[in-house]
Amino acid sequence: MAPFKLVLSPQNPNTRSRCEAIFEEGGHWEKNAGRRQTRRFAECASQRFHIPWPQFSLLDVGCALGDAMPVWREKYPSAKLYGCDVAEQAVRRSRECYGALADFFRASFEEIEGFWDVIYCSNVLEHFEQHAEIAELLLAHCNLLLVVAPFGELKDGSPLRPGRDDYYHVGTFYRDTFDFLAAGNKASRVETVIFGCPGGGWGITRRRRIRWVLGTLLRGRYLVQEPLQILYVIRGVRCPGFDFVRDEGRYPR
């Protein structure tokens with residue numbers, strides 16, 4: 001793989017300086033229930049797969065304030081946990097809250113070094129146009145890559161792209177988004193699970209809830225789509241062939 005360099009379009013607001021600002025105490029992240037969402041995403045996703053190895057290392061890329069760590073420690077008591085984020089503020093506060101559970105370090109995608117059994121990346125890649133290249137980069141650093149993202153998120157009926165109302169999500173994710181990794185022999189297998197995440201899904205705002213209710217009463221349909229998450233379980237070429245995924249089959253393939 002050629003050396004990776006993250007490039008943001010001029011319309012993409014997800015800069016490192018913004019990341020530093022949102023993770024300040026009492027900042028945007030906490031005001032918008034980011035901590036609760038981090039934990040809920042991990043809780044809901046972790047119910048859809050099981051890692052059978054008695055001991056393994058797990059790196060949470062884009063860990064924010066580290067609120068997924070208690071979920072992983074409870075489910076996998078023997079795992080060695082690590083977290084990284086591009087923001088110094090996030091890493092400092094993660095250490096303060098969860099330093100007894102995991103080791104944290106600051107790194108951008110291209111600065112990540114080392115190898116882990118598992119990399120978990122939740123609700124991060126939708127902020128970057130290069131999400132496909134980032135996934136390929138992360139897979140080079142692990143045996144098993146777990147990516148969680150909003151499923152099929154649209155804006156006015158169209159896939160997301162930078163520059164639409166300064167919205168921070170710039171990519172739409174489908175079941176086949178990362179199939180190219182298996183097709184190109186970068187991964188041995190790519191599996192997906194679509195699931196709801198009550199109490200933590202993206203876009204759960206009062207305004208959106210009101211639109212759901214009004215759309216149902218006035219038009220007999222939702223004005224906006226049900227917020228769903230998609231979990232990608234991407235196995236590296238050296239990953240053992242255990243049965244990780246628990247697909248409930250509740251949503252269309």
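This chain uses plain numbering: 1 for the first residue, then up along the sequence.
No salt bridge links R93 with E96; every basic N to acidic carboxylate O contact stays at or beyond 4.0 Å.
Side chain of H127 to backbone of V124: a donor-acceptor contact under 3.5 angstrom is found. No donor-acceptor pair under 3.5 Å is formed between the side chain of R39 and the backbone N or O of R35. With D117 contributing its side chain and S57 its backbone, the two residues share a donor-acceptor pair below 3.5 Å. A donor-acceptor distance shorter than 3.5 angstrom exists from the side chain of Q130 to the backbone of V7, with no hydrogens or angles considered. The backbone N or O of V86 sits less than 3.5 Å from a side-chain atom of R106, completing a donor-acceptor pair. Between the side chain of D85 and the backbone N or O of A64, at least one donor-acceptor pair lies under 3.5 Å. The backbone N or O of F41 lies less than 3.5 Å from no partner atom in the side chain of Q229, so there is not a single donor-acceptor pair. Formation of a donor-acceptor pair under 3.5 Å by the E20 side chain with backbone atoms of E88 is found in this model. Checking side-chain atoms of R95 against main-chain N and O of F104 turns up a donor-acceptor pair under 3.5 Å. R161 contributes no side-chain N or O that, together with a main-chain N or O of E129, makes up a donor-acceptor pair within less than 3.5 Å.
F128 and L8 make their closest contact through CD2-CD2, 3.7 Å (heavy atoms, listed as atom of the first residue, atom of the second, distance). Summarising the geometry of H169 relative to P150, their closest heavy-atom pair is CE1-CG, 3.9 Å, with the distance given to 0.1 Å. Closest non-hydrogen pair, C197 versus R40, comes out as SG-O, 3.6 Å.
Taking F23 as the reference, W29 meet the ring pair (Phe, Tyr, Trp, His ring centres under 6.0 Å) condition, with sequence neighbours excluded.
At least one side-chain heavy atom of L125 sits under 4.5 Å from a side-chain heavy atom of F178. In this structure the side chain of V170 never reaches within 4.5 angstrom of the side chain of L160, judged on heavy atoms.
Separating the CD1 atom in I119 from the SG atom in C84 is a distance of 8.0 Å, to the nearest 0.5 Å. Annotation: the span from E191 atom CD to D243 atom CG amounts to 7.0 Å, rounded to 0.5 Å. Separation of atoms CG (D60) and OH (Y98) is listed at 11.5 Å; rounding is to 0.5 Å. Atom OG1 of T172 and atom CZ of F151 lie 10.5 Å apart (nearest 0.5 Å). In this structure, E43 CD and T38 OG1 are separated by 11.0 Å, a value rounded to the nearest 0.5 Å. For the atom pair CD1 of I51 and CZ of F56, the computed distance is 4.0 Å after rounding to the nearest 0.5 Å.
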Requested in this report: Might you work through the side chain to side chain contact (heavy atoms under 4.5 Å, CB included) test for F49 and V193, ending with a clear yes or no?
Outcome: CA-CA 9 Å; F49 65 87; V193 184; over 6 Å; no
Query raised in the report: Yes or no on side-chain hydrogen bond (donor to acceptor under 3.5 Å, both in side chains) for Q89 and R92, after CA distance, side-chain angles and deciding distance?
Result: CA-CA 5 Å; Q89 288 275 14; R92 175 184 63 80; 2.7 Å; yes
Report task. Evaluate the side chain to side chain contact (heavy atoms under 4.5 Å, CB included) criterion for residues L138 and I112: first the C-alpha distance (whole Å), next the side-chain angles of each, then the deciding distance (0.1 Å), finally the verdict. Result -> CA-CA 8 Å; L138 295 179; I112 293 175; 3.9 Å; yes
Query raised in the report: Taking it one step at a time, do V245 and L231 satisfy side chain to side chain contact (heavy atoms under 4.5 Å, CB included)?
Result: CA-CA 10 Å; V245 178; L231 164 68; 5.9 Å; no
Report task. Quick one: do L58 and W116 satisfy side chain to side chain contact (heavy atoms under 4.5 Å, CB included)? Show the steps, please. Result -> CA-CA 6 Å; L58 182 149; W116 289 265; over 6 Å; no
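The environment of E110 atom CD is dense: over 12 non-hydrogen atoms of other residues, nucleotides or ligands sit within 6.0 angstrom. Under a cut-off of 6.0 angstrom, the local environment of NZ in K80 is sparse, with at most 12 non-hydrogen atoms contributed by other residues, nucleotides or ligands.
Between N32 and Q37, the side chains place no donor N or O within less than 3.5 Å of an acceptor N or O (distance only, hydrogens not considered). A donor atom on one side chain and an acceptor atom on the other are found under 3.5 Å apart for R175 and T192.
Taking the six-membered ring where tryptophan is involved, the planes of Y168 and H28 are perpendicular, since the angle between them exceeds 60° and thus also 30°.
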